[in-house]
Number of protein chains: 2
Amino acid sequence: MKTRRQRYSDSTKRALVDVAEKLFTDHGYSATSLDAIVAGADVTKGALYHHFSGKQAIFEAAFERIESRATASIGAATEGHDDPWEKARAGLRAFLEAVQEPGYRQVVISDGPSVLGHERFREQEERSTYAIVDEIVRSVLAGDEWGLDEEMLDTFTRIFFGAMSAAGGSVAVSDDPAAAAARVDAAIGFIMDGLRQLLHAEAGNGVTSRT
Amino acid sequence: MKTRRQRYSDSTKRALVDVAEKLFTDHGYSATSLDAIVAGADVTKGALYHHFSGKQAIFEAAFERIESRATASIGAATEGHDDPWEKARAGLRAFLEAVQEPGYRQVVISDGPSVLGHERFREQEERSTYAIVDEIVRSVLAGDEWGLDEEMLDTFTRIFFGAMSAAGGSVAVSDDPAAAAARVDAAIGFIMDGLRQLLHAEAGNGVTSRT
DNA sequence: TCTGTGACATACCGAAGGTACGTACCTCCA
DNA sequence: TGGAGGTACGTACCTTCGGTATGTCACAGA
């Protein structure tokens, strides 16, 4: 049982992250002042600095929340598929949806790398959306018939993750997001068909030897 | 001793961008103060604000310079290839090289989107490195046998551009960049082989109808 | 009931971006 | 050739904002 003081404290912290998430999403990191955040949460800077070590820390809290929402959304979409190729297509579509959310675009894609630094950004990424893409890629490409080692699988994940992030960004700024998403879906599908074709054609000789 | 002031205005501007490029590369956008820039260029803020409208403007000048260097480097590597597939491979390797440059990573990839905003960032991108990737993709995928319209070609360019940017980033942070680059090269080559295989197999029926 | 500590509020500091204004030099033309 | 206007800066100052030091008060535990 939480004490009364703890409940108050939790709600204050949650209110701060709520406001921070909205302001960071709407105006970006640098254009959002701590004064605006504490004013929106109806507290003072003392409260903010009691719960967070600074501006970057409260940004990271908002970041993690947005990332985990996206991760959950994609994860839900990939469940219940037996065929890994179908699972991959479903995950792709969910990814394209998630990446269009304003918060994800502004906080994660745009401000994330520069605010958190590449290091921390990668860490955060790798235990959320990146992990799902990795799982999907492995479910499709792993196996003896491909002859891919760990590092090649990582490489493929990086490539697909980057491809889908960029594609998602282009979908988000498109005049007709639905049509753009359909095109991305078709293009990725085409690439995947190519890989599948290759699997049946040459049955796993020499991807790694191609360097 | 003559003061800087007695030299030409162009050289002052160039000196400012020189210092700005170095400081933005080494410390990032927000950790670089205008005072540090003008001190490094041996002028005052009056000079900086005479040549640039503000911090963002001088950042953009450095950004453009770095981008154009990368573009020139990749462009040079793709010349002199007759076979579009070979040209693509050469361009890919040059891209992976260019994207590892510290200035490109920090200024273009990390700070670029958040400082310039998505809009201006895309504009800048599309008339530099993105344009080259677009040209390469078109030289490979354009043609009646694929049945791809303009928008699908754009989509493929987006996907490949994102894939290669992400791949380049992973190469740059790798313990063994040479080996990582070789893996990326192999993976992209594998994907391209898949597409080529698909071209010969089904000869252009229905990529766009797959939605 | 007393005391310690958690959960804030208040006041203040220094850095940094930006602005208003002053000034030396250069060019151009009568 | 000299004075008038504009260019290319320099100087002083303002404001905002992230961060800190310190005060205060309520609540929990003994």
Side-chain angles (χ1 to χ4, degrees), chain A residues 1-24 26-63 107 111-112 114-117 120, chain B residues 1-63 107 111 114-117 120:
Chain A
M1 180 59 184
K2 291 190 172 180
T3 90
R4 228 178 99 200
R5 224 158 77 167
Q6 236 170 342
R7 282 199 301 272
Y8 281 143
S9 169
D10 285 353
S11 78
T12 299
K13 187 168 183 177
R14 203 172 332 116
L16 280 168
V17 180
D18 284 344
V19 177
E21 181 187 335
K22 173 166 176 47
L23 292 181
F24 283 142
D26 291 347
H27 311 299
Y29 181 77
S30 66
T32 299
S33 72
L34 296 185
D35 286 333
I37 293 176
V38 298
D42 215 21
V43 291
T44 64
K45 293 214 295 197
L48 192 151
Y49 274 90
H50 177 73
H51 289 287
F52 302 95
S53 62
K55 191 181 185 183
Q56 182 177 328
I58 196 176
F59 173 84
E60 195 161 350
F63 181 100
V107 173
D111 287 332
S114 70
V115 174
L116 301 180
R120 283 195 74 77
Chain B
M1 179 62 189
K2 294 189 177 224
T3 70
R4 275 217 49 82
R5 188 164 170 197
Q6 286 162 318
R7 298 172 197 169
Y8 269 127
S9 156
D10 280 356
S11 77
T12 298
K13 188 168 183 177
R14 209 170 37 241
L16 280 168
V17 180
D18 283 345
V19 176
E21 181 187 332
K22 172 166 177 46
L23 291 181
F24 283 142
T25 296
D26 291 348
H27 311 298
Y29 181 78
S30 67
T32 299
S33 73
L34 295 185
D35 287 333
I37 293 176
V38 298
D42 214 22
V43 291
T44 64
K45 294 214 298 197
L48 192 152
Y49 274 90
H50 175 74
H51 290 288
F52 303 96
S53 63
K55 191 180 185 183
Q56 183 178 329
I58 196 175
F59 174 84
E60 195 162 350
F63 180 100
V107 173
D111 287 333
S114 70
V115 173
L116 302 179
R120 284 195 74 77

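Small disclaimer: the values here were computed from a predicted structure and weren't measured. A, B, ... follow the sequence lines: proteins, then strands. Residue 1 opens every chain.
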Margin query: Classify the ring geometry of Tyr29(A) against Phe59(A): parallel below 30°, tilted from 30° to 60°, perpendicular beyond 60°.
Written below: perpendicular
Check: Looking at OG1 of Thr32(B) and NZ of Lys22(B), how far apart are the two atoms once the value is rounded to the nearest 0.5 Å?
Finding: 10.5 Å
Does the side chain of [X] get closer than 4.0 angstrom to OP1 or OP2 of [N] through an N or O atom?
X	N	result
Thr12(B)	dA8(D)	no
His51(A)	dC8(C)	yes
His50(B)	dA8(D)	yes

Quickly work out the [X] [atom1] to [N] [atom2] distance and round it to whole Å.
X	N	atom1	atom2	answer
Gln56(A)	dC17(D)	CD	C1'	16 Å
Tyr29(B)	dA16(C)	OH	C1'	11 Å
Tyr49(B)	dC13(D)	OH	C1'	14 Å
Arg14(B)	dC9(D)	CZ	P	12 Å
Ile58(B)	dG18(C)	CD1	P	11 Å
Ile37(B)	dG18(C)	CD1	P	11 Å
Asp35(B)	dG14(C)	CG	C1'	13 Å
Asp10(B)	dC9(D)	CG	C1'	14 Å

Check: Reckon Thr32(B) touches a base, only the sugar-phosphate, or nothing at all at heavy-atom distances under 4.0 Å?
Finding: sugar-phosphate
Given [options], the nucleotide with the shortest approach to the side chain of [X]:
X	options	value
Lys55(B)	dG18(D), dC8(C), dG17(C)	dG17(C)
Ser33(A)	dA16(C), dA7(C), dG18(D)	dG18(D)
Thr44(B)	dA7(C), dG10(D), dC17(D)	dG10(D)

Next item on the list: Could you check Leu34(A) against Gly46(A) and say which one's nearest nucleotide on DNA chain D is further toward the 5' end?
Entry: Leu34(A)
Next item on the list: Kindly indicate whether the side chain of Lys45(A) and the base of dG19(D) share any N or O donor-acceptor pair separated by less than 3.5 Å?
Entry: yes
Next item on the list: Go through the steps for Asp10(A) and Arg14(A) under the test salt bridge (charged side-chain N to carboxylate O under 4.0 Å, His left out), then give the verdict.
Entry: CA-CA 6 Å; Asp10(A) 285 353; Arg14(A) 203 172 332 116; 5.7 Å; no
Next item on the list: State, with a plain yes or no, whether a side-chain heavy atom of Leu16(B) is found less than 4.5 Å away from one of Phe52(B).
Entry: yes
Note to self: Set out, in order, the CA-CA distance, both residues' side-chain angles and the distance that settles side chain to side chain contact (heavy atoms under 4.5 Å, CB included) for Gln56(A) and Phe63(A), then state yes or no.
What the structure shows: CA-CA 10 Å; Gln56(A) 182 177 328; Phe63(A) 181 100; over 6 Å; no
